[in-house]
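Data block below; observations after.
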Amino acid sequence: MGLFESFFRTPPSKSAAMAKERLQIIVAHERGGRRGSPDYLPALKKELLEVVRKYVPVDPSQIKVHLDREGDYEILELNITLPDEEPRSGRG
Amino acid sequence: MATVIVVTSGKGGVGKTTTSASFATGLAQRGYRTAVIDFDVGLRNLDLIMGCERRVVYDFINVINGEANLNQALIRDKHVENLYILPASQTRDKEALTKEGVERVLDDLRQSFEYIVCDSPAGIERGALMALYFADEAMVVTNPEVSSVRDSDRILGILASRSRRAEQGDPPVKEHLVLSRYAPERADRGDMLSVEDVLEILGIPLLGVIPESPTVLQSSNAGVPVILEEGSDAGAAYGDLVDRFLGKNLPHRFITPPKKGFLKRLFSGG
């Protein structure tokens with residue numbers, strides 16, 4: 001960088017970083033069931049549901065499995081809506 | 001056994017035809033019998049880029065329809081030996097590209113050529129799908145720019161699901177990334193996606209980086225594939241790309257900004 005410019009130039013915009021981040025998100029989303037998104041998700045969901053139902057009676061529609069990617073991380077999100085607490089027998 | 005290579009991208013204007021012309025010319029220069037086919041029915045341009053537009057008599061669709069035989073339609077390149085061009089039809093519509101017809105022409109070409117380069121049209125419609133369907137390898141031409149990268153990813157999905165290799169469960173189409181119109185100094189400044197950024201997003205092997213260069217326009221003006229401009233950056237980059245495709249292990253050039261002398265740095269900035 002020239003002497004003159006080093007004093008007066010506005011800082012670089014780094015717009016490439018924005019481009020990369022936006023692309024990573026949209027590309028991961030559009031890949032859907034293709035590359036990147038593992039095909040074990042449905043089976044995983046089914047088994048998880050069975051385990052949970054051993055202990056709590058949940059409706060199959062109340063479990064959501066979602067795989068997300070942020071940079072180098074993959075996030076497996078499991079969301080189970082438990083039914084309203086019912087009065088139990090025995091000690092309260 | 002001939003190898004069929006599709007040059008594709010999804011997005012238009014990224015350098016598919018420029019790449020097809022230079023890649024095919026480079027293969028022929030190195031002694032391989034090569035045919036290059038324009039799949040852009042209705043918007044043919046490969047003939048213009050390769051400087052043979054005035055010698056087109058019959059085209060790809062004529063051959064598919066049996067109105068001409070392959071030898072009548074193939075145009076012998078005037079720059080290098082071993083290279084033939086099969087132009088697209090300018091008057092028919094894309095529906096004339098039938099899977100059976102394309103397969104028949106490719107099978108005929110396989111008899112006498114070692115490499116068959118298919119220059120795909122932009123988009124993901126019939127012409128593009130036919131260009132990639134029979135491919136053994138694919139060059140995905142991408143610019144360091146968001147819409148081009150996104151479209152390239154889309155094309156990679158189509159290669160993985162709708163090519164003949166995918167449909168028949170054969171080994172997948174071999175993918176190569178060609179990053180074109182690259183400006184290293186802008187990438188260094190953080191104004192342009194870098195080689196690494198694009199590689200990280202698309203996740204396919206890099207075959208070549210073609211620097212942004214005024215020579216590309218000059219050579220298309222003249223109808224001479226830019227690979228023949230050996231003194232230019234872009235020409236040299238295409239030369240390396242062809243050598244790499246043929247198995248040479250060459251380092252990537254033109255991916256870092258040229259070094260400037262002290263005085264130039266002091267007065268020009270950048």
Side-chain angles (χ1 to χ4, degrees), chain A residues 1-50 60-61 63-80, chain B residues 10-11 124 140 142-163 166 172-173 175 177 179 181-204 255 257 259-270:
Chain A
M1 193 180 292
L3 274 181
F4 181 80
E5 289 206 4
S6 63
F7 285 115
F8 295 104
R9 195 155 80 160
T10 53
S13 66
K14 303 286 180 233
S15 63
M18 282 167 63
K20 185 180 179 185
E21 195 187 331
R22 291 172 61 218
L23 273 169
Q24 280 173 327
I25 293 167
I26 192 67
V27 159
H29 176 74
E30 286 175 347
R31 278 176 190 171
R34 187 163 70 77
R35 305 183 298 154
S37 171
D39 48 11
Y40 57 71
L41 268 191
L44 175 69
K45 184 175 170 178
K46 189 163 160 276
E47 269 184 61
L48 282 170
L49 185 65
E50 278 164 17
S61 65
I63 177 166
K64 293 201 166 43
V65 181
H66 190 67
L67 190 71
D68 237 336
R69 190 166 295 146
E70 275 177 28
D72 292 340
Y73 302 97
E74 282 190 19
I75 301 166
L76 181 68
E77 193 182 303
L78 182 68
N79 206 328
I80 303 169
Chain B
K11 191 177 184 302
I124 49 173
V140 179
T142 307
N143 291 170
E145 180 269 322
V146 287
S147 51
S148 174
V149 175
R150 180 197 208 174
D151 290 359
S152 293
D153 192 71
R154 187 98 170 78
I155 279 291
L156 287 169
I158 291 171
L159 281 165
S161 61
R162 299 178 67 181
S163 60
V173 176
E175 303 156 337
L177 177 65
L179 189 60
R181 308 200 69 165
Y182 192 63
E185 58 287 349
R186 297 179 71 186
D188 259 25
R189 280 203 303 266
D191 289 340
M192 180 183 265
L193 288 165
S194 67
V195 178
E196 294 76 22
D197 291 340
V198 179
L199 282 174
E200 194 182 322
I201 293 161
L202 293 179
I204 62 170
I255 56 174
K259 287 196 171 58
K260 288 179 175 177
F262 172 71
L263 282 178
K264 212 169 177 186
R265 284 218 314 272
L266 191 62
F267 291 110
S268 75

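Throughout, a chain's letter reflects where its sequence line sits, starting with A, and its residues are numbered from 1. Below, each value reflects all heavy atoms present in this structure, side chains not excepted, and no hydrogens, waters or symmetry copies.
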### Message
Is the shortest side-chain heavy-atom distance between A/L23 and B/L193 below 4.5 Å?
### Response
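Side chain of A/L23 against side chain of B/L193, heavy atoms only: contact under 4.5 Å found.
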
### Neighbour count above 12 (heavy atom, 6.0 Å) for A/E21 CD
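No, CD of A/E21 has 12 or fewer neighbouring heavy atoms, counting only those of other groups under 6.0 Å.
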
### Message
Within this structure, what is the CG-CD distance for the pair B/D197 and A/Q24, rounded to the nearest 0.5 Å?
### Response
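Going from the CG atom of B/D197 to the CD atom of A/Q24 covers 8.0 Å.
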
### Query
Which heavy atom of A/A16 sits nearest a heavy atom of B/D191, and at what distance?
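Heavy atoms only, the tightest pair is CB-C, 4.1 Å.
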
### Query
Can you name the nearest heavy-atom pair linking B/R150 to A/V27, along with the distance?
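Heavy atoms only, the tightest pair is CA-CG2, 4.5 Å.
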
